[in-house]
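Here the structure is laid out as structure tokens; the discussion comes afterwards.
Worth knowing before you read on, the calculation uses all heavy atoms, side chains too, and leaves out hydrogens, waters and symmetry mates. Within every chain, numbering begins at 1; the chains are lettered A, B, ... in the order of the sequence lines, protein sequences first and strands thereafter.
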Amino acid sequence: MSGSAPSRTERESRLLHALVELADTLVDDYDVVDVLHRLVEHCVQLLDATVAGLMLSDQRGGLRVVAYSSAQTRTLELFQVQASEGPCYDCAHSGEAVLVADLSKEVQRWPRFAPLALAGGFASVHAVPMRLRRETIGTLNLFRHETGLLSDEDLLVVRTLADTATIGILQERAIRRGEVVTEQLQMALNSRVVIEQAKGVLAFAGNLDMEQAFHTLRGYARNGGRRLADVAREVVLGELRPEVVLSPRPTDL
Amino acid sequence: MIEARATVIAALRDSNSELDVLARVIRACVGLLPVDGASISVLSGPQERETLYASDVIAMKIENVQFDLGEGPCFEAFATRRPVLVPDLSQASVLAWPVFAAAIAALPIGAIFAFPLQAGAIGIGAIDLYRSRPGWLSADELAVALEVVDVVTAVLLGVLLGEFDGADGLRGVLSPGREQVHQATGMVLAALGISAEEALSRLRGYAFAMGRPLDEVAKDIVNRELSPLELRA
């Protein structure tokens with residue numbers, strides 16, 4: 001996923017584009033999981049990261065991954081292990097950013113996470129909190145192949161995207177009603193599960209890997225202007241046949 | 001928080017039957033949280049529901065009134081599959097659910113918290129908590145409530161699947177970091193042309209028969225090391 005670093009003006013224009021696109025998606029009946037996926041993909045492009053992922057508090061003392069830029073099983077495990085240790089975990093519990101310039105020096109600090117990340121070819125990691133008042137509702141995580149930290153300016157971009165994600169999840173009305181945070185978080189977490197189930201259906205029916213299955217599902221939802229979670233649910237319940245989702249759109253022929 | 005979990009797990013361990021489990025878990029929940037009553041309703045048909053357990057007559061009445069009228073927070077959580085949390089019922093219900101509000105006006109109900117019981121697209125039912133005075137839950141209380149929702153979901157999946165074998169076996173299905181279990185559920189349902197509930201049941205049955213953890217079996221399926229067709233009945 002990692003390409004050459006974009007120039008400053010190019011990046012500024014991309015950032016602006018990303019924020020406008022995200023703002024556009026935050027209409028009345030928007031798709032939270034889709035918005036979060038766009039956001040992690042923007043992170044990868046804007047910051048020359050290899051992988052980005054977003055974890056949300058499950059409000060039971062744990063963290064769950066809800067969006068990640070690469071659907072490979074190995075990447076997924078990198079987030080899963082952070083339910084109990086790692087930069088995301090520390091970031092969520094302290095509410096402070098956790099910036100690691102060289103993961104090879106942190107094996108003692110994170111005996112499960114660090115070796116797994118190093119084996120995946122990652123050398124540095126940045127985790128920034130998604131904060132709402134005094135509560136940390138999740139973290140945005142960037143993995144890079146290179147050692148070293150992002151510049152302050154880049155870090156500001158990450159924080160801006162994390163704040164955008166927070167707004168994306170909570171909407172304006174949520175900020176006034178505490179219990180809506182719970183409604184939104186719990187719904188997003190279950191939507192993620194539905195999407196995983198639907199990916200499995202498409203992966204088997206179309207002989208795809210999980211990443212291809214996800215892109216197929218999202219392509220179908222976007223093409224029809226539908227919510228990702230709704231399409232996923234119909235696929236799992238058998239209301240939408242996998243062949244229909246898998247068949248190429250007329251424009252692709 | 002840890003104590004609360006132990007109380008819930010103890011309620012699970014000491015029970016003889018699934019219904020007994022639910023009753024004990026719900027009573028533990030009412031004991032641990034600042035709520036006055038609770039109930040569990042499940043889908044028993046396409047548009048049918050059944051109240052499996054209600055801790056008192058008010059909890060039962062809350063359920064019945066809503067499903068008779070077709071409106072109210074629990075009905076909405078049940079129908080829309082998302083939590084409907086109403087810390088101050090007198091503020092919210094008149095606007096959102098006027099008929100329901102009128103029907104329960106004489107009852108001492110200040111707040112209702114309705115949580116759907118579900119695992120992705122697998123819809124099971126809802127758990128409803130009520131308190132006589134208005135007020136939201138603290139972060140710790142909310143965590144306990146959500147753990148109870150998880151446990152009840154797992155128990156009910158076990159009940160529905162006929163495979164309840166203790167708390168440890170159930171937690172594996174729904175606890176965090178089990179994305180591959182959900183992906184494998186999708187693969188099995190596509191391969192065998194069965195429902196998601198049944199696919200999950202086959203996965204658990206296979207894992208049990210092979211003496212292997214469920215998430216390892218799920219990973220093998222996702223990584224194409226085990227064909228989902230092997231899980232044919």
Side-chain angles (χ1 to χ4, degrees), chain A residues 55-66 68 71 73 76-77 79-84 134-135 177-207 209-210 213-214 229 232-239 242, chain B residues 1-2 5 77 80-88 111 113 115-116 118-123 136-137 139-140 142-147 149-150 174-196 199-200 215 218-219 221-224 227-229:
Chain A
M55 299 188 80
L56 288 183
S57 160
D58 67 4
Q59 299 191 305
R60 300 150 171 82
L63 280 176
R64 295 202 203 186
V65 60
V66 283
Y68 41 101
T73 302
L76 182 54
E77 284 170 353
F79 291 106
Q80 287 174 335
V81 71
Q82 297 197 69
S84 54
R134 265 172 280 168
E135 194 180 355
R177 280 179 57 208
E179 67 279 7
V180 178
V181 178
T182 300
E183 295 182 357
Q184 293 286 90
L185 278 179
Q186 297 306 320
M187 193 184 63
L189 292 173
N190 193 61
S191 290
R192 182 73 243 173
V193 174
V194 180
I195 290 165
E196 298 299 345
Q197 291 169 340
K199 277 161 63 179
V201 173
L202 296 179
F204 182 83
N207 197 25
D209 67 28
M210 289 301 162
F214 177 74
R233 181 180 300 279
E234 288 175 15
V235 167
V236 178
L237 296 178
E239 293 164 6
Chain B
M1 175 73 200
I2 288 163
R5 180 178 297 170
T80 63
R81 307 271 189 87
R82 58 176 293 167
V84 178
L85 308 171
V86 192
D88 188 349
F113 310 125
F115 297 92
Q118 58 191 347
I122 304 174
W136 178 223
L137 303 172
D140 281 351
L142 176 64
V144 171
L146 291 170
E147 288 229 343
V149 171
D150 288 348
L174 300 163
S175 48
R178 297 290 181 271
E179 281 75 13
Q180 291 90 346
V181 172
H182 307 305
Q183 293 170 354
T185 300
M187 291 180 75
V188 171
L189 85 87
L192 306 183
I194 55 181
S195 70
L200 183 55
D215 43 356
K219 278 181 191 174
I221 289 176
V222 170
N223 295 330
R224 313 265 174 178
S227 167
L229 296 167

**Prompt:** Is there a donor-acceptor pair closer than 3.5 Å between any side-chain N or O of R82(B) and the backbone N or O of T80(B)?
**Reply:** no

**Request:** Sort out for me which of A145(B), A191(B), A196(B) touches chain A most, counting heavy-atom pairs under 4.5 Å.
**Result:** A191(B)

**Fill in**
Only one of V194(A), V201(A), I195(A) passes side-chain contact (heavy atoms from CB on, under 4.5 Å) with V235(A), and that residue is V201(A)

**Prompt:** So which part of P228(B) gets closer than 4.5 Å to some heavy atom of chain A, the side chain, the backbone, both or neither?
**Reply:** side chain

**Prompt:** What part of L189(B) gets closer than 4.5 Å to chain A, counting heavy atoms only: side chain, backbone, both or neither?
**Reply:** side chain

**Message:** Is A198(A) in contact with chain B via its backbone, its side chain, both, or neither, using a 4.5 Å heavy-atom distance?
**Reply:** neither

**Fill in**
Note: vs chain B, highest number of non-hydrogen pairs under 4.5 angstrom among A203(A), P242(A), A232(A), A205(A) is A203(A)

**Item:** Polar side-chain atom of Q183(B) near backbone of K199(A) as donor-acceptor pair, under 3.5 Å
**Value:** no

**Item:** Heavy-atom pair count under 4.5 Å with chain B, highest-scoring of V65(A), N190(A), D209(A), L237(A)
**Value:** N190(A)

**Asked** Quick one: do the Q180(B) and Q80(A) side chains pair a donor with an acceptor below 3.5 Å?
**Response** yes

**Message:** Do V84(B) and V86(B) make a side-chain contact, defined as non-hydrogen atoms from C-beta onward lying under 4.5 Å apart?
**Reply:** yes

